[in-house]
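Shown next, in structure tokens, is the structure this report addresses.
Values below: every heavy atom of this structure, side chains too, minus hydrogens, waters and symmetry copies. Bear in mind that the values here come from a model prediction, so they are computed numbers and not experimental data. Lettering of chains follows the sequences in order, A, B, ..., and the numbering in each one begins at 1.
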Protein chains: 2
Amino acid sequence: MISPLEVFRTYIKEKGLRNTPERETIIREIFSVHDHFDVDELFLRMRDQKSKIAKASIYRAIPLLIESGLIKEAFFEDGHLHYEPIYGHSRHCHLRCICCGKVVEFVEEEMDNIVDRLAKEYHFNILDHRLDFTGYCAECNNKMNDQDNVDTKELL
Amino acid sequence: MISPLEVFRTYIKEKGLRNTPERETIIREIFSVHDHFDVDELFLRMRDQKSKIAKASIYRAIPLLIESGLIKEAFFEDGHLHYEPIYGHSRHCHLRCICCGKVVEFVEEEMDNIVDRLAKEYHFNILDHRLDFTGYCAECNNKMNDQDNVDTKELL
DNA sequence: ATTGTTATTGTAAATTAATTGCAATAAGAA
DNA sequence: TTCTTATTGCAATTAATTTACAATAACAAT
Ligand SMILES: [Mn+2]
Ligand SMILES: [Mn+2]
Ligand SMILES: [Zn+2]
Ligand SMILES: [Zn+2]
């Protein structure tokens, strides 16, 4: 399987742009963890690896990483965008706990059918979709119930 | 059916907060249009109605409107959040054109089943979900193809 | 109705994410 | 190696959202 770096190099050449060690470092860091990230987090991770890359360079790289199919926007939370690597990852949806932030990923087989149906019905050329569920994970749900019970007892 | 204003008044009382004409104006404006909106847009709409409400008051009202179940975040686009009224609206998904911004709404019956299945499988108390599809609408898709043809001709 | 408490407002300043101008650097084609 | 110009780091800017603060007003209790 072609590596993310190779995919990016091909994209860069195709677009007549220039590849740089900075961009490769960014890609390597993203694909060394394979998890959701935001710009600040990625910047700090790279700083920990002794990288001196400016945050502006990360911001400037992101549209290219999206265009080349390496990453995509995952969700907007806490006032900023979060991204995730998608190259080499199966299309998946998210189940997110609004209490502790835990994210469960899962593949929803039904989605392809829905996309096909919608494309026909609304004459859309559908390129992407995002399916996110939010609620409380088992732990947080239990914690809340316990808390409620405490409150109730206090009131008695 | 209970009006959005009544729902909000009940919520406000329940929370020991105070209702204000400003908040009611905001709710009235949102539910006079029943469409997606962002803060700036809503602010301008209200200014057109000769309302002098400060933008900060809209920002401060939004969490209450969400908490009371009147509106929810719809999507993040063009660098800021967009909201939509949900009270009195059926749960729906979005099909959004990334070229012209057109939004098609539709109800996806399958979602309830998926929610039930996930809740059981992952022991989540699922409160909400967001299903958005993005791509090109028929018109924009055609326009793009025409454009491509022009480009191709120019190259010949 | 009047009063008292304090939540809410408008204004301006602050904060935060993201973008951009600029001069120095360096990628990569020639 | 040379040349062109895309990319970088840095600092300044823009834009969305939040917040401090003093004035106002909601509404519960007189
Ligand atoms: Mn994911
Ligand atoms: Mn909608
Ligand atoms: Zn949780
Ligand atoms: Zn369109």
Review point. Roughly, in whole Å, what's the span from CZ in A/Phe43 to C1' in C/dA18?
Key: 14 Å
Practice item. State whether B/Tyr59 places a side-chain N or O below 4.0 Å from either non-bridging phosphate oxygen (OP1 or OP2) of D/dT17. Key: yes
Review point. Between C/dT9 and B/Arg23, is there an OP1 or OP2 to side-chain N/O distance shorter than 4.0 Å?
Key: yes
Practice item. Provide, to the nearest angstrom, the distance between the CZ atom belonging to B/Phe76 and the P atom belonging to C/dA18. Key: 6 Å
Review point. If you look at every strand shown and take non-hydrogen atoms under 4.0 Å, does B/Pro63 touch a base, only sugar-phosphate, or nothing?
Key: nothing
Study note, to complete from the structure: To the nearest angstrom, the CZ-C1' distance between B/Arg18 and C/dA7 comes to 4 Å
**Study point:** Whole-Å gap separating P (C/dA27) and CZ (A/Phe8)
**Key:** 14 Å
**Study point:** Whole-Å distance separating the CG atom of A/Leu64 from the P atom of C/dA27
**Key:** 16 Å
Review point. Do the rings of A/Phe31 and A/His34 sit parallel, tilted or perpendicular, given the 30° and 60° boundaries?
Key: perpendicular
**Study point:** Euclidean distance, atom CD1 of residue B/Ile62 to atom C1' of D/dT18 [Å, nearest integer]
**Key:** 13 Å
Practice item. Have a look at A/Lys55 and say if it touches a base, only the backbone sugar-phosphate, or nothing, with a 4.0 Å heavy-atom cut-off. Key: nothing
Review point. Phosphate oxygens OP1/OP2 of C/dA7: is one of them under 4.0 Å from a side-chain N or O of B/Thr20?
Key: no
**Study point:** Of the listed nucleotides C/dT9, D/dA25, C/dT11, the one nearest the side chain of B/Glu22
**Key:** C/dT9
**Study point:** Proximity to the side chain of A/Ala56 - top-ranked nucleotide from C/dT20, C/dT6, C/dA18
**Key:** C/dT20
Check your understanding: Which word best sums up how the rings of B/Tyr122 and A/Phe106 line up, parallel for under 30°, tilted for 30 to 60°, or perpendicular for over 60°?
Key -> tilted
Check your understanding: Just checking, any donor-acceptor pair under 3.5 angstrom between side chains of B/Glu105 and B/His36?
Key -> yes
Point to revise | Donor/acceptor link under 3.5 angstrom from B/Arg60 side chain onto base of D/dT18 | key: no
Revision key, fill the gap. Taking for B/Lys52 and for A/Val39 the nucleotide of DNA chain C with the nearest heavy atom, the one nearer the 5' end belongs to B/Lys52
Exercise for review: Rounded off to whole Å, could you give me the CD1-to-P distance for the B/Ile53 and C/dT9 pair?
Suggested key: 8 Å
Practice item. Decide whether A/Glu84 and A/His94 meet the rule of one side-chain donor and one side-chain acceptor closer than 3.5 Å. Key: yes
Point to revise | Selection from D/dT17, C/dA7, C/dG10 that lies nearest to any side-chain heavy atom of B/Ser57 | key: C/dG10
Exercise for review: Pick base, sugar-phosphate or nothing for A/Asn19, based on heavy-atom distances below 4.0 Å to the nucleic acid.
Suggested key: sugar-phosphate
Point to revise | B/Asp40 or A/Ile12, whichever maps to the more 5' nucleotide of DNA chain D | key: A/Ile12
Check your understanding: What is the distance from CD1 of A/Ile26 to C1' of D/dT7, rounded to the nearest Å?
Key -> 11 Å
Check your understanding: Below 4.0 angstrom, N of the basic side chain to O of the carboxylate: do A/Glu108 and B/Arg117 qualify?
Key -> yes
